[in-house]
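What follows is a short report on a single structure.
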Amino acid sequence: MKEIIYKAKKEIYIYNTLKRTKELFIPINKNKIGMYVCGPTLYKKIHLGNCRTFIFFDVLYRYFKHLNFNIKYIRNITDINYSFNNSFNNKYYSYFYKIKTYYSKFNKVLNIFNLLSPSLEPRTTSHIIEQINNIKKILKLKFAYKKNGSIYFNIEKYNKYIGNYGKILNNINIYNQFEKTNSFSKDKKNNLDFVLWKKLKNINIIKWKSLWSTGIPGWHIGCTTISNKYLGSYFDIHGGGVDLKLPHHECEIAQSNVINNKKKNLAKYWIHTNMLTINNKKMSKSLNNLILPYDIIKGKFKLTKNYKINPFILKLYLLQTHYRKPINFSLKSIKNSIKNYINLLNIFKKIKKIHPKKTSSSNINIKYYFNLCYKSMNDDFNIPLLIYNLIKINKIIDKCLNNVLKISFYDLKKIKKLMKIFLIDILGLKIFSIKLSKIKIKVLINKILKIRNEMRKKKLYLYSDKIRDILKNYVSIKDK
RNA sequence: GGCACCAUGGCCGAGAGGUUAGGCUAAGGUCUGCAAAACCUUAUACAGUAGUUCGAAUCUACUUGGUGCCUCCA
């Protein structure tokens, strides 16, 4: 049997936020890749915007694996936070119960999108000692100060001796701009300074003892500690949402540069995914515009008019826009893509229907399409371009089905392989069969009901009642 | 205020300096007893101005309109 996979060149270009240009990806250690992505904070259900980020990095993980890289993918779990104690009413059982349920809900959601598990999912609370040790180091090097039992990172000093806070934002002047904004902690010397260790009052139950006080570590030190522990002080890829650039990622870099006495900025390539908006606004609890994946899938989301949308159609929808562009979620945009995606995902069914003879020829250049697909992925993970190419190939299959184009037995096999690699292995989609979309069923039922009404007008009640009985499982019909 | 991002037909949305996705809608066709479904064909376009180029939706500059981050955030 001939080898029908065309091997991809490992020439990948990544847009590095640190340098704001596309760069050739050269791993620090030849074939090994370390990738860290900021995971969820377990204080609420994850929304579709969170999913967008995790889905994107899952495709990256799958793609690197496909290219035979030895990749270690770490996604942390933030299971303690300054605001946690209040929201859990300071009760142990309430805290543990909520963390457990939010974590299982998080996993359930990622499972329906068919995401692979990362190599490790370390938790903040399992790394308290390491975090305390790192804070000690920063204190010893005098890049932090103690005030009222809490420890703060000193940005002024950091900027003086290491000096690149604001690098990701391309705004080193942010230090000066920040003085204008309001202070929300009187203990800080400067508003940009951030908490490394937060002292908690006696009423707070979830806390740890340290040299300085009883309290919890700050949010940023958790990520630096965990990434350093599992990937080393300098690794290949650090990912997250754009909204984490400041302060979170700036703080991670600052801490790491101090702890490791390096100006390496923690990771070689920084990748930031853009936001999912609704009505062109970012989702937030206060605006009450959160999109929960389960609501859409189960048809409980008002904006999608209660249509049940298949998770893989939703996944394809999230992937069809380049990760550095915002997506504005709307019913129209998703509804208009549905048919397109159903067509694409039904490709294996279509391929089964084509039976070319072993002797028949074709003039389709499969190698050209393989190259196009790899080229798309290698150009800063241009998944929309990949999907565009797959749709093009899908059109070829359509043409073959209708005898507009001819295809040879072996070429058909190669197309099947190509689709398997990109749709299933890399994009992580599952092929399912859809006979009719829910939307079409609704149209269909409405048409039937129209006929029934005509029957009732003509007093053909025997038949109109039969229709009502048949449809009772799908719609309840109430006549005036 | 600083930094970053976005602008594509009647609508929704991809797009790689030349070949101009795809879907919805519309018109015509194949198939069919009539329909439906499926498929084929066709239509309309790149916010504005200037520049680079033999050639720009794509690159550069400016203008206009919009969004995000700068407070916890994916």
Side-chain angles (χ1 to χ4, degrees), chain A residues 17 20 37-41 43-44 46-57 75 78 81-84 87 166-178 180-185 191-192 219 239-250 272-277 279-286 290 317-328 330-344 346 350 353 372 375-376 379 382-392 394-395 397-405 435-436 439-440 443-444 447:
Chain A
T17 320
R20 291 177 316 287
V37 174
C38 292
T41 305
Y43 72 109
K44 61 174 170 54
I46 64 161
H47 54 69
L48 206 60
N50 301 114
C51 295
R52 182 188 185 187
T53 299
F54 299 135
I55 287 172
F56 171 72
F57 284 105
R75 188 180 61 207
T78 304
N81 182 302
Y82 180 52
S83 56
F84 270 35
S87 56
K167 207 177 173 174
I168 290 182
L169 273 188
N170 187 27
N171 185 8
I172 311 231
N173 287 327
I174 192 153
Y175 174 71
N176 299 323
Q177 289 157 21
F178 234 70
K180 295 168 200 162
T181 58
N182 292 327
S183 172
F184 35 92
S185 171
N191 284 319
L192 218 55
W219 174 36
V242 275
D243 53 349
L244 292 184
K245 280 183 183 178
L246 191 101
H248 187 53
H249 291 163
E250 295 287 359
H272 288 99
T273 52
N274 216 316
M275 298 289 106
L276 177 79
T277 60
N279 296 323
N280 289 318
K281 295 272 179 223
K282 189 183 165 182
M283 280 185 271
S284 73
K285 241 182 176 177
S286 53
L290 294 183
Y317 170 77
L318 293 176
L319 288 171
Q320 71 155 0
T321 303
H322 193 265
Y323 76 92
R324 284 190 283 120
K325 268 192 182 182
I327 302 176
N328 188 33
S330 68
L331 175 62
K332 266 190 180 173
S333 67
I334 194 160
K335 211 171 123 184
N336 285 331
S337 324
I338 285 179
K339 198 181 161 187
N340 213 351
Y341 297 152
I342 290 175
N343 257 329
L344 185 60
N346 275 336
K350 289 184 206 166
K353 283 184 190 167
L372 272 186
K375 212 177 146 192
S376 318
D379 180 17
N382 198 338
I383 299 166
L385 194 57
L386 170 71
I387 294 172
Y388 161 77
N389 287 322
L390 295 177
I391 286 174
K392 262 189 169 175
N394 186 41
K395 283 283 146 188
I397 293 296
D398 282 343
K399 284 185 178 178
C400 294
L401 258 177
N402 287 278
N403 294 321
V404 178
L405 263 182
K435 284 169 192 166
L436 270 175
I439 294 165
K440 287 214 168 125
V443 172
L444 203 69
K447 282 185 180 172

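Side-chain contact check for A:L319 versus A:I387: some heavy-atom pair is nearer than 4.5 Å.
Judged by the 6.0 Å distance and 45° axis criteria, A:R75 is not positioned over the aromatic ring of A:F57.
Set against B:A21, B:C72, B:A74, the side chain of A:M275 has B:A74 as its closest nucleotide. Nearest to the side chain of A:S333, among B:A74, B:A21, B:C12, sits B:C12.
Residue-level contact check: A:T321 touches the backbone only, with heavy atoms under 4.0 Å from sugar-phosphate atoms and none from bases. When heavy atoms are screened at a 4.0 angstrom cut-off, A:H248 is found touching no nucleic acid atom at all. Heavy atoms of A:N274 sit under 4.0 angstrom from at least one base atom. Residue contacts for A:I46: at a heavy-atom cut-off of 4.0 Å it reaches no nucleic acid atom on any strand shown.
On the C1' atoms, B:G10 is 9 Å away from B:U44, given to the nearest whole Å. Here, B:G22 and B:A4 have their C1' atoms 30 Å apart, quoted to the whole Å. B:A47 and B:A56 are spaced 15 Å apart, taking the P atom of each and rounding to whole Å. One C1' atom belongs to B:A16, the other to B:U64, and the distance between them is 28 Å to the nearest Å. With P as the reference atom, B:G23 and B:A37 are 15 Å apart, rounded to whole Å. As rounded to the nearest Å, B:U60 and B:U41 have C1' atoms that lie 40 Å from one another. B:U20 and B:A61 have their P atoms separated by 30 Å, with the value rounded to a whole Å. Across B:U52 and B:A45, the matching P atoms stand 27 Å from one another, rounded to whole Å.
Atom CG of A:L344 and atom C1' of B:G22 are 11 Å apart (whole Å). Here B:U71 presents its P atom at 8 Å from CG of A:L192, a figure rounded to the nearest Å. The separation between A:N191 atom CG and B:C70 atom C1' is 12 Å, rounded to whole Å. Atom CG in A:N328 sits roughly 11 Å away from atom P in B:A14 (whole-Å rounding). Computed from coordinates, the A:R324 CZ to B:G68 P distance equals 20 Å when rounded to whole Å.
With hydrogens and angles ignored, a donor-acceptor pair under 3.5 angstrom links the side chain of A:N389 to the base of B:A16.
Residue A:K282 places at least one side-chain N or O under 4.0 Å from the OP1 or OP2 atom of B:C69.
By the neighbour-count criterion of 12 heavy atoms within 6.0 Å, atom NZ of A:K44 is densely surrounded, having more than that number from other residues, nucleotides or ligands.
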